[in-house]
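Report on the structure given below.
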There are 2 protein chains.
Amino acid sequence: MENIDKKRGRPRSDQAKLSKEILLSCANELLQGSGKVPSIRKIARKLDVDPMAIYHYFPSKSALLEGVTVRLMEGIYIPQSEDTWEEQLRFLCSSYLDLLKNYSGLLETFLSMSVKGPAQVFIARFNTIVAPLGLPEDDMKNSLDLLVDYLHGFALSIHCAPKKDSLTLDSLNGPLNFYIKALTANMIRSKIFIH
Amino acid sequence: MENIDKKRGRPRSDQAKLSKEILLSCANELLQGSGKVPSIRKIARKLDVDPMAIYHYFPSKSALLEGVTVRLMEGIYIPQSEDTWEEQLRFLCSSYLDLLKNYSGLLETFLSMSVKGPAQVFIARFNTIVAPLGLPEDDMKNSLDLLVDYLHGFALSIHCAPKKDSLTLDSLNGPLNFYIKALTANMIRSKIFIH
DNA sequence: ATACATATTCTACACTGTAGAAATAGTGCC
DNA sequence: GGCACTATTTCTACAGTGTAGAATATGTAT
């Protein structure tokens, strides 16, 4: 499998080995397979390449992980207008949590990223979903913060004390229902004040 | 400062060096000072002792960290009956968050601990505080889960993207107020159903 | 042909947790 | 006092981590 002696310099173009794409999807596979963040050396071994080659494509390990993260956000649930807002919110949350669960090693990367983190995508979709409720701006922001941090905390607890998948979804539903009830109550209250 | 050659075996009893106590408080100091979990070697250097000596008192690094954690929980706010339940809840949350903030490196230890984690203490105090509200059992559990995981997620976000202390407290208040409003609404609703 | 950019490997450093053995001191028993 | 056993420490070593810096080989433009 592994050529025991490799030539040192740039390879001939017909046998090019690496690319950002290849590195990202390799890191992705290893992450999903193990649930943990793979080491640079593990990625290199899997691609039969020297660890330092990776640094030609990414300036640091965390840059690579951010790359993986950016690609993952694209899979997050997009609100479908035929669903009720409660359904949309539920779908959004479980889709986001699914991502956080399968890639729980990335949680800290998610939160450390300066821009374009999945949290931003989540926020945008959340705002779309609850816009029709006509909540006061304050409630909007506060309820969003509450939900986002709740989901992160929940994901972290799964990461640290893993349970069965079914259990996981169940224990999301309770608090989420409570949360939706709270949103509803506030919606009603603010509508009463307006009319 | 450091004796360049130390004798190898057990020291004479008048110059005993280590103890669980000493290790715990040293780890505590380093944690609080840097915000990060210190390495075994750092602790050993600070105590001018061989790293492996630590393993005589704790079977693993994580056992040491759990030890630190257990000691810390004792400082968590105890509900004072002259305060309203809202005040009690606010104090409890900011006391818990203060701990999570100053020892954010311990967050994963908190959540991985099998028993006696600070989360347990938090849960007990929470239940005391909201007991007078007479919430249905389901709401009780769900609102607790929501709050605990929210606080953990919030602490994690501070850990990953640190901000000023004042900012920190402010961004807790909003969601917490929203949460308290939700609790109040549910309390009223359930009281209406009872009477 | 010569210079420069690109892509790769190699070597090395400073870390990490910790397993296993060696050394010394204390304690209890004969 | 001698002997076995335990307690407390240091030393050596292993396998792992991220990554800096240099050497090497290819491709490309002048």
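Every chain is numbered from 1 and lettered A, B, ... according to where its sequence line falls, protein lines coming before strand lines.
Not one side-chain nitrogen or oxygen of A:R8 sits closer than 4.0 Å to the OP1 or OP2 atom of D:dA23. One finds a side-chain N or O of A:K42 lying less than 4.0 angstrom from the OP1 or OP2 phosphate oxygen of D:dT17.
Of the residues in residues 53-65 of chain A, those lying under 4.0 Å from DNA chain C by heavy-atom distance are A:A53, A:H56, A:Y57.
The environment of NZ in A:K20 is sparse: at most 12 heavy-atom neighbours from other residues, nucleotides or ligands sit within 6.0 Å. Counting heavy atoms of neighbouring residues, nucleotides and ligands inside a 6.0 Å radius, atom CD of B:E137 does not exceed 12 of them.
Listed by chain and residue number, A:Y77 satisfy the ring pair (Phe, Tyr, Trp, His ring centres under 6.0 Å) test with A:F91 (two or more places apart in sequence, or in another chain).
If you measure from atom CG of B:D50 to atom P of C:dA19, you get 15 Å, rounded to the nearest angstrom. As a whole-Å value, the separation of B:K6 NZ from C:dA25 P is 16 Å.
No donor-acceptor pair under 3.5 Å is formed between the side chain of B:Q15 and the backbone N or O of B:R12.
We find that A:K6 and A:D50 are not joined by a salt bridge, their nearest charged nitrogen and carboxylate oxygen being 4.0 Å or further apart.
Annotation: of the two residues near DNA chain D, A:I40 and A:R12, the 5′-most nearest-nucleotide partner is A:I40.
Side-chain contact, A:Y103 with A:N28: a donor N or O sits under 3.5 Å from an acceptor N or O. A:R90 and A:N177 share a side-chain donor-acceptor pair at under 3.5 Å.
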Mind listing the N/O atom pairs, protein and nucleotides 12-14 of chain C, below 3.5 Å?
none

With the criterion being N/O to N/O and under 3.5 Å, what pairs connect the protein with nucleotides 2-5 of chain C, and how long is each?
none

Tabulate below the donor-acceptor pairs under 3.5 Å that side-chain atoms of residues 147-155 of chain A make, not counting sequence neighbours, or state none.
| unit_1 | atom_1 | unit_2 | atom_2 | d |
| --- | --- | --- | --- | --- |
| A:H152 | NE2 | A:Y96 | OH | 2.7 |

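Remark on the helix from C:dA1-D:dT30 to C:dC30-D:dG1: inter-end axis angle 20°, axes from five-pair C1' superpositions, rounded to 10°.
Annotation for A:V68 and A:A27: closest pair CG2-CB, 3.9 Å, computed over non-hydrogen atoms.
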